[in-house]
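Report on the following structure.
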Amino acid sequence: MTEEERVKKWSRGISEMDELSMEEKKMVCHQAAMQMVVLWGALELIVIGLLVWAALQYPAIMSGFDRLTDLLNSNFSYSGTQTRRRGAIIVSLPALLPLATVVLIPMIAIFIGCRKHLVRRAAGKLSHQWRMETDLKMTRGIAFADVKQGMELLPDDKIQYLGVLPEKVPKELLKNVYWMFNEILYVSTDTFSHDVVEYIEDNQKNWHPEEMAVEAEKIYIIFEAFIFGKEALLANEYVADISTLEEKCKIDGLFQTDIAALLFADNGKYFTNEELLMKTHNQIAGKKLGNHMFFEGLERGNPLKGISCYYVLLGS
């Protein structure tokens with residue numbers, strides 16, 4: 001079976017795969033296969049651990065393992081030639097069948113039970129790179145079901161047109177712009193741009209304030225900070241992992257945690273460089289960053305709630 005044939009077989013019955021190219025399907029299937037290997041390995045470790053525990057608890061099981069070892073040693077003791085070794089393997093197969101079952105059943109169970117789910121989930125993540133436009137609205141982070149629902153509206157003239165376009169979401173942003181976060185809250189983008197240019201000489205050639213940074217009406221940014229608790233969060237913020245606010249995680253009276261903040265573009269369509277960096281700065285201003293107070297760019301992460309997400313890279 002060729003790779004293309006295997007991809008087609010794995011894609012069968014999964015609607016999320018229908019709109020993907022062959023290269024994207026290969027990537028999805030490879031990712032699902034790696035996840036199945038990890039799951040199988042973890043399950044095998046659990047099974048082996050249970051067998052060892054049972055052998056220690058029940059002497060009869062340990063005696064069975066001893067008899068199996070003696071049988072294998074006996075079968076292979078005179079297998080000097082290749083023919084005899086093959087014969088020893090065939091004779092030993094009935095005794096090895098229970099152990100082979102322990103290895104094969106989890107593998108088969110994971111392949112049958114998890115394969116479609118893992119492929120569907122990986123394909124769904126790829127759909128976040130597309131947007132759907134109609135004469136009524138634009139929807140980002142679409143799934144196949146959104147496209148199907150939109151197509152059903154066309155015959156009834158509830159919408160006049162429908163388009164599915166690749167989302168223009170760059171992987172990295174503002175990597176060559178230097179800045180240090182402080183407690184100043186900026187209102188004017190002109191004032192902020194002036195301070196960015198004056199911050200360091202390299203910014204005079206690297207800073208392009210009016211250029212479009214990311215084409216999205218809203219994005220999430222995630223940054224790490226030290227806070228006293230949830231009461232320190234702004235209205236558009238939440239803690240990415242609530243377990244980091246448990247009392248045992250407190251360090252010198254503060255919680256070190258990742259904060260997700262939702263930002264909206266002023267024009268409802270895209271962020272310029274100056275708008276994005278200024279809003280990122282204002283979001284972080286006043287928060288304790290430890291020694292990591294220097295801006296090192298934005299890096300795209302997985303979408304949050306169907307919305308593009310960027311991690312704020314901080315350095316010391």
Side-chain angles (χ1 to χ4, degrees), residues 7-8 10-29 31-32 116-174 189 208-222 235-238 240 260-280 283 298-311:
V7 167
K8 290 179 181 178
W10 282 32
S11 304
R12 196 175 298 136
I14 302 176
S15 58
E16 287 84 350
M17 296 284 277
D18 293 344
E19 300 298 319
L20 301 182
S21 67
M22 178 56 69
E23 290 303 313
E24 289 173 327
K25 289 179 180 179
K26 288 180 181 179
M27 183 173 63
V28 166
C29 292
Q31 182 179 343
K116 280 196 172 184
H117 170 73
L118 293 174
V119 171
R120 182 175 287 111
R121 188 178 68 170
K125 286 183 178 180
L126 273 184
S127 70
H128 287 297
Q129 299 176 7
W130 295 80
R131 70 178 187 270
M132 182 174 68
E133 294 184 4
T134 69
D135 52 309
L136 298 180
K137 64 177 181 178
M138 179 174 63
T139 306
R140 286 185 163 86
I142 61 171
F144 180 77
D146 298 314
V147 179
K148 184 179 179 181
Q149 185 179 13
M151 293 292 289
E152 292 172 351
L153 298 176
L154 283 172
D156 299 331
D157 291 332
K158 293 181 179 179
I159 58 175
Q160 301 302 314
Y161 75 89
L162 181 149
V164 177
L165 305 169
E167 188 72 282
K168 298 177 181 178
V169 183
K171 185 177 180 180
E172 296 178 339
L173 297 171
L174 303 172
T189 53
H208 307 287
E210 298 297 331
E211 285 187 3
M212 184 175 68
V214 56
E215 185 182 1
E217 59 182 336
K218 55 186 174 181
I219 64 168
Y220 274 104
I221 60 168
I222 296 180
N236 65 330
E237 296 177 341
Y238 72 90
L262 183 60
L263 305 181
F264 291 86
D266 290 340
N267 59 19
K269 296 179 180 179
Y270 61 87
F271 291 85
T272 61
N273 286 333
E274 63 180 359
E275 179 188 2
L276 180 56
L277 185 54
M278 189 182 83
K279 288 185 174 180
T280 299
Q283 203 69 46
L298 297 165
E299 187 174 90
R300 190 181 69 207
N302 292 326
L304 286 179
K305 305 174 184 178
I307 300 172
S308 300
C309 175
Y310 284 88
Y311 286 89

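In what follows, residues are counted from 1 in the order of the sequence shown.
In this structure, the separation between CG on L118 and NZ on K116 is 13.0 Å, given to the nearest 0.5 Å. To the nearest 0.5 Å, the span separating OH on Y220 from OH on Y311 amounts to 12.5 Å. Atom CG of N273 is separated from atom OG1 of T189 by 12.0 Å, given to the nearest 0.5 angstrom. Once rounded to the nearest 0.5 Å, the distance linking NE2 of H117 with CZ of R120 reads 9.0 Å. Rounded to the nearest 0.5 angstrom, S308 OG and E215 CD are separated by 10.5 Å. Here the CD atom belonging to E275 is positioned 12.0 Å from the CE atom belonging to M212, to the nearest 0.5 angstrom.
Y238 places a side-chain heavy atom less than 4.5 Å from the side chain of L304. Residues I219 and L276 form a side-chain contact, since some pair of their non-hydrogen atoms from C-beta on lies under 4.5 Å apart. By the 4.5 Å heavy-atom criterion applied to side chains, N236 and L263 are counted as neighbours. The closest side-chain heavy-atom distance from Y310 to V214 is below 4.5 Å.
Of all the heavy atoms in L173 and A213, the pair that sits closest is CD2-O, 3.2 Å. Nearest heavy atoms, T272 versus P209: CB-O, 3.5 Å. Here the closest non-hydrogen pair linking G268 and E217 is O-CB, 3.2 Å. For L262 against K218, the heavy-atom pair with the smallest separation is CD1-CB, 4.2 Å. Between K279 and D266, the closest heavy-atom pair is NZ-OD1, 2.8 Å. The heavy-atom pair separating A265 from Y270 by the smallest distance is CB-O, 3.2 Å.
Although no hydrogens or angles enter the test, the distance criterion places a donor-acceptor pair under 3.5 Å between the side chain of N267 and the main chain of K269.
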